[in-house]
Amino acid sequence: MFNSKIVVTGGSGFIGGHLMRRLLKDPSNQVFNIDKLGYASDLFSLKIFKEKNNYFHINLDLKEKKKLLKIIKTISPGIIFHLAAESHVDNSILDPSEFIQSNIVGTFNLLEAFRSNWESMPKMRKLNSRFIHISTDEVFGSIEDNNKFNELSRYDPRSPYSASKASSDLLVKAWHNTYGIPIIISNCSNNYGPFQFPEKLIPKTIINCINQKNIPLYGNGENIRDWLYVEDHIDALLLLANKGNVGESYCVGGYGEIKNIEIVENICSLMDEIAPVNIKYNSLIKFVQDRPGHDKRYSIDSNKILKELGWEPKFTLINGLQKTINWYLNNNKWYE
Ligand code: NAD
């Protein structure tokens with residue numbers, strides 16, 4: 001692959017964990033996971049990672065700049081996949097401060113650590129090195145029907161979470177323009193799949209169905225999201241690291257645009273088929289007061305990554321949901 005020494009930040013989170021599993025399969029990769037192990041971290045998977053000879057765990061908060069500089073210098077990775085971030089919009093509304101610290105200051109510290117090491121590399125290593133920054137479509141704000149976000153869309157973040165991610169994207173772009181560091185940014189839509197922390201819509205809906213508890217749905221459920229199966233996202237990230245153009249952003253969508261009420265109804269119907277009980281699962285849906293500043297619609301145009309690199313999602317929304325539901329049904333120990 002690109003370089004055997006790979007740093008993943010946030011490798012104990014949902015998407016980072018899927019990336020770790022993929023990278024660890026290749027024994028020639030040495031994979032270093034820098035994660036502070038916060039409330040959303042997957043300690044169950046961590047135990048399994050730690051059994052692998054090519055896994056190295058670094059329990060560190062990206063806020064600790066001095067330690068981070070030293071660690072990156074010692075590892076001297078060829079590539080960093082930067083996923084560590086506070087990621088739940090509701091938490092950012094309740095208390096934005098940790099989002100500013102982790103997502104903005106943390107990214108700044110990581111960029112500085114990467115830069116300091118990269119500048120001291122021999123020319124060929126410098127050329128092959130990459131800083132892959134994992135961002136979100138939420139940096140673009142909300143979009144009206146029939147339009148789609150692409151790489152040229154104006155940044156218009158509307159929650160403390162999306163503002164912190166937008167700020168980190170701008171830092172990454174500036175570090176490329178000013179210092180020449182080889183960055184690539186992915187702006188992807190909502191991910192879903194196995195191992196996702198139950199605070200997010202899809203796992204929460206599935207788990208509440210399993211436990212026959214109310215399924216809370218914001219407002220009237222008309223908000224539209226584009227859903228990307230996490231394994232498809234990992235394919236895109238690996239492709240970007242290998243073949244993406246340095247200095248550029250790529251929008252990565254799942255071709256799975258749907259209203260929140262519809263995706264919850266879909267999950268309920270699939271649950272009726274896969275795990276029938278004496279009620280219809282959709283009777284558990286309860287509308288609750290809307291989230292402040294709730295973006296109406298996100299929609300991603302993935303044409304650039306399709307045309308330039310040939311990536312497109314392999315999973316349809318229904319295939320992905322079936323796989324995800326079956327995983328939660330068979331892994332109650334994990335989420336409990
Ligand atoms: P997650 O919340 O499941 O995991 C994040 C991980 O980062 C956790 O293990 C946490 O401990 C770690 N972390 C957070 N702050 C840290 C810090 N200061 N220092 C060290 N570790 C820290 O998140 P996720 O859903 O896997 O998202 C990963 C990345 O992808 C994030 O950057 C997020 O903004 C982005 N993203 C996620 C989605 C999605 O739908 N989940 C969509 C678009 C973009």
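All values below come from the heavy atoms of this structure, side chains included, with hydrogens, waters and symmetry mates left out. First listed ligand is number 1; within each ligand, the first listed atom is number 1. These numbers were taken from a predicted model, which means no experiment stands behind them.
Applying the side-chain hydrogen bond (donor to acceptor under 3.5 Å, both in side chains) test to Asn282 and every residue at least two apart in sequence or in another chain returns Glu265.
We find that Glu98 and Lys63 are joined by a salt bridge, their nearest charged nitrogen and carboxylate oxygen being less than 4.0 Å apart.
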Contacts table for ligand 1: protein N or O within a distance under 3.5 Å of ligand N or O, distances only.
residue: ligand 1; atom: 2 (O); partner: Ser87; partner atom: OG; Å: 2.7
residue: ligand 1; atom: 3 (O); partner: Phe14; partner atom: N; Å: 3.0
residue: ligand 1; atom: 9 (O); partner: Gly13; partner atom: N; Å: 3.3
residue: ligand 1; atom: 9 (O); partner: Asp35; partner atom: OD1; Å: 3.2
residue: ligand 1; atom: 9 (O); partner: Asp35; partner atom: OD2; Å: 2.7
residue: ligand 1; atom: 9 (O); partner: Ser41; partner atom: OG; Å: 2.8
residue: ligand 1; atom: 11 (O); partner: Asp35; partner atom: OD1; Å: 2.7
residue: ligand 1; atom: 11 (O); partner: Gly38; partner atom: N; Å: 3.0
residue: ligand 1; atom: 11 (O); partner: Ser41; partner atom: OG; Å: 3.0
residue: ligand 1; atom: 15 (N); partner: Ser102; partner atom: OG; Å: 3.4
residue: ligand 1; atom: 18 (N); partner: Asp61; partner atom: OD1; Å: 2.9
residue: ligand 1; atom: 18 (N); partner: Ser102; partner atom: OG; Å: 2.8
residue: ligand 1; atom: 19 (N); partner: Leu62; partner atom: N; Å: 2.9
residue: ligand 1; atom: 21 (N); partner: Lys36; partner atom: N; Å: 3.0
residue: ligand 1; atom: 23 (O); partner: Ser87; partner atom: OG; Å: 3.4
residue: ligand 1; atom: 26 (O); partner: Phe14; partner atom: N; Å: 3.2
residue: ligand 1; atom: 26 (O); partner: Ile15; partner atom: N; Å: 2.8
residue: ligand 1; atom: 32 (O); partner: Leu83; partner atom: O; Å: 2.9
residue: ligand 1; atom: 32 (O); partner: Lys165; partner atom: NZ; Å: 2.7
residue: ligand 1; atom: 34 (O); partner: Tyr161; partner atom: OH; Å: 2.6
residue: ligand 1; atom: 34 (O); partner: Lys165; partner atom: NZ; Å: 3.1
residue: ligand 1; atom: 40 (O); partner: Asn191; partner atom: N; Å: 2.8

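With 3.5 Å as the limit, one finds a donor-acceptor pair spanning the side chains of Asp169 and Ser135. Neither side chain, Trp227 nor Glu257, offers a donor N or O lying under 3.5 Å from an acceptor on the other.
Within the hydrophobic cluster formed by Ile, Leu, Val, Met, Phe, Trp and Tyr side chains joined at under 4.5 Å, directly or through other members, Met124 is accompanied by Leu127.
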Name the atoms and distances for all side-chain donor-acceptor pairs under 3.5 Å in residues 272-279, with sequence neighbours left out.
residue: Asp272; atom: OD1; partner: Tyr281; partner atom: N; Å: 3.2

